[in-house]
**Q** 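The structure that follows is given in the form of structure tokens.
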There are 2 protein chains.
Amino acid sequence: MTVSQSTGAAERRTHTEQGIERKQQLLDAAATLFSTKGYANTRIADICAAAGVAKGLVYWYFPTKEELFAELVRSMRLQLRRAQAAAMDPESDPLTRIRQGTEASVVFMAEHRAYFALLDVERAHDAGPELDAVLREGSDVYANDVIRLVRDAQSQGLVPDGDPRLYAVGVLGVVSSFSHALRNGSLDVDVEELAGFVGDWVVRALSGAVTGGQARPRRTR
Amino acid sequence: MTVSQSTGAAERRTHTEQGIERKQQLLDAAATLFSTKGYANTRIADICAAAGVAKGLVYWYFPTKEELFAELVRSMRLQLRRAQAAAMDPESDPLTRIRQGTEASVVFMAEHRAYFALLDVERAHDAGPELDAVLREGSDVYANDVIRLVRDAQSQGLVPDGDPRLYAVGVLGVVSSFSHALRNGSLDVDVEELAGFVGDWVVRALSGAVTGGQARPRRTR
DNA sequence: CACCCTCTTGACCGCCGGGTCAAGGCGCCG
DNA sequence: CGGCGCCTTGACCCGGCGGTCAAGAGGGTG
């Protein structure tokens with residue numbers, strides 16, 4: 001493996017305006033292909049064809065196919081985390097915050113299906129052991145977020161006692177399951193409706209109450 | 001692609017006792033490797049090394065790497081389905097049956113971690129489009145099982161109205177999430193305990209009641 | 001013994017795909 | 001104008017891996 005030079009492959013010099021744009025084109029093309037055909041089945045040549053550039057160019061912007069993939073995943077996570085943070089009202093109780101984060105995640109994933117499907121690829125560790133590290137590292141962030149919220153909720157009596165880690169697995173799992181189903185299965189439901197359903201589901205599963213957490217004001221676009 | 005000869009690749013003649021055994025050895029070795037390193041990263045040579053045989057032998061028992069994988073998945077599904085069926089008491093109400101099936105699934109997957117991890121691989125469609133068909137086909141079976149049970153439960157007022165397909169996605173998703181977590185995350189909980197937790201979770205999520213479905217008699221081994 | 005059928009081996013092949021590289025266009029600065 | 005750094009190209013290289021094959025080893029049967 002090609003060693004991570006000193007600081008960890010943060011070399012590449014300055015990019016011009018155009019360069020940044022081109023790089024983004026490549027990332028977009030790669031995202032679509034990866035999520036459609038999977039990482040292993042996507043050829044560098046495919047990405048180039050989709051972006052309409054020559055093969056060598058990829059290696060101007062990325063040191064390797066793996067690194068390209070990793071960069072995609074990182075940017076994904078950043079976006080998702082922002083969306084969640086924006087959706088959670090700091091004034092609300094923990095259970096409501098979980099619901100908000102859950103619903104925001106569902107909506108976000110629906111709006112970025114192509115990107116988000118990468119998390120499936122992440123699931124299977126078909127991408128090689130080194131990537132595995134980068135990938136798993138990030139999942140923990142979400143888990144810890146949820147664990148913290150569950151603890152708070154438990155201390156307020158909103159959620160019954162029990163290992164918060166287990167609850168967290170349940171919450172995260174159900175979100176990713178519905179995301180997956182919406183993409184691959186033929187769930188042709190309205191996104192807002194689905195988000196509401198998942199939010200309810202999570203709250204029920206956590207609290208055992210049908211009405212836990214404040215119901216969310218349906219967005220009318 | 002190599003066409004499925006007439007009936008669908010059901011050629012291979014008679015296997016001797018020894019032959020069947022050898023074939024199973026290969027399947028076992030493959031299962032371990034696939035679930036450890038992923039489909040794409042597992043070399044035929046690896047499988048042979050693990051099984052202690054020469055490379056050519058694989059092609060005596062299987063026409064292709066893909067077919068080997070497909071056979072693994074099929075056998076997995078058969079086993080799981082049997083375990084579920086055995087666990088569900090036909091006398092019980094639908095909600096209880098769902099709980100039983102859920103708990104049995106968790107236990108089963110814990111006892112067959114290596115095998116079961118294949119479903120992760122299944123999740124990501126890194127295995128090529130032809131396989132995708134074989135794979136997806138089978139998931140529907142489970143979904144339909146659950147959908148049927150949810151419908152029954154709804155008609156008895158045990159589960160609130162709502163699209164049964166959505167409920168099914170939730171149930172299946174949560175099981176696979178916990179399975180995944182138990183394998184990859186460091187959830188060092190007792191399997192029986194986990195099964196109970198997941199059973200409770202599903203019942204709560206479905207019914208909104210803390211006590212829905214009969215609690216399961218804890219098995220004391 | 002002759003024959004056949006299941007099994008096993010390991011050298012070999014051919015292709016596919018990630019990664020390299022020499023060459024060149026283009027715009028900017030001195 | 002000359003040189004320099006960013007960007008782009010496409011031919012090329014080469015290692016790895018799925019799959020093939022000719023050659024046998026047992027062992028069972030007539």
**Q** Considering just the side-chain nitrogens and oxygens of A:T16, establish if one lies under 4.0 Å of OP1 or OP2 belonging to D:dC7.
**A** yes
**Q** Can a side chain N or O of A:Q18 be found less than 4.0 Å away from OP1 or OP2 on C:dG27?
**A** no
**Q** Without swapping roles, check the side chain of B:Q100 against the backbone of B:D89 for a donor-acceptor pair under 3.5 Å.
**A** yes
**Q** Quick test of your reading of the model: are B:R99 and B:D200 salt-bridged, counting only N-O distances below 4.0 Å?
**A** yes
**Q** Please classify the nucleic acid contact of A:I44 as base, sugar-phosphate, or nothing, using heavy-atom distances under 4.0 Å.
**A** sugar-phosphate
**Q** Quick check for you: among C:dC7, C:dG19, D:dT8, whose closest atom lies nearest to any side-chain atom of A:K65?
**A** C:dG19
**Q** What nucleic acid atoms does A:V58 come within less than 4.0 Å of, heavy atoms only: base, sugar-phosphate, or nothing?
**A** nothing
**Q** Should the side chain of B:K55 and the base of D:dG19 be counted as holding a donor-acceptor pair, with the cut-off at 3.5 Å?
**A** yes
**Q** Less than 4.0 angstrom between a side-chain N/O of A:R22 and OP1 or OP2 of D:dT8, yes or no?
**A** yes
**Q** Can you tell me if A:Y61 touches the phosphate of D:dC6, counting only side-chain N or O atoms and a distance under 4.0 Å to OP1 or OP2?
**A** no
**Q** Looking at every strand, decide which applies to B:G56 at a 4.0 Å heavy-atom threshold: base, sugar-phosphate, or nothing.
**A** base
**Q** Any side-chain N or O of B:R43 under 4.0 Å from OP1/OP2 of D:dG16?
**A** no
**Q** I want to check a possible cation-pi pair here: B:K65 against B:Y39, using under 6.0 Å from ring centre and within 45° of the ring axis as the test.
**A** yes
**Q** What's the closest nucleotide to the B:T64 side chain, out of D:dG19, C:dT8, D:dC7?
**A** D:dG19
**Q** What pairs with B:A85 under side-chain contact (heavy atoms from CB on, under 4.5 Å), at least two apart in sequence or on another chain?
**A** none
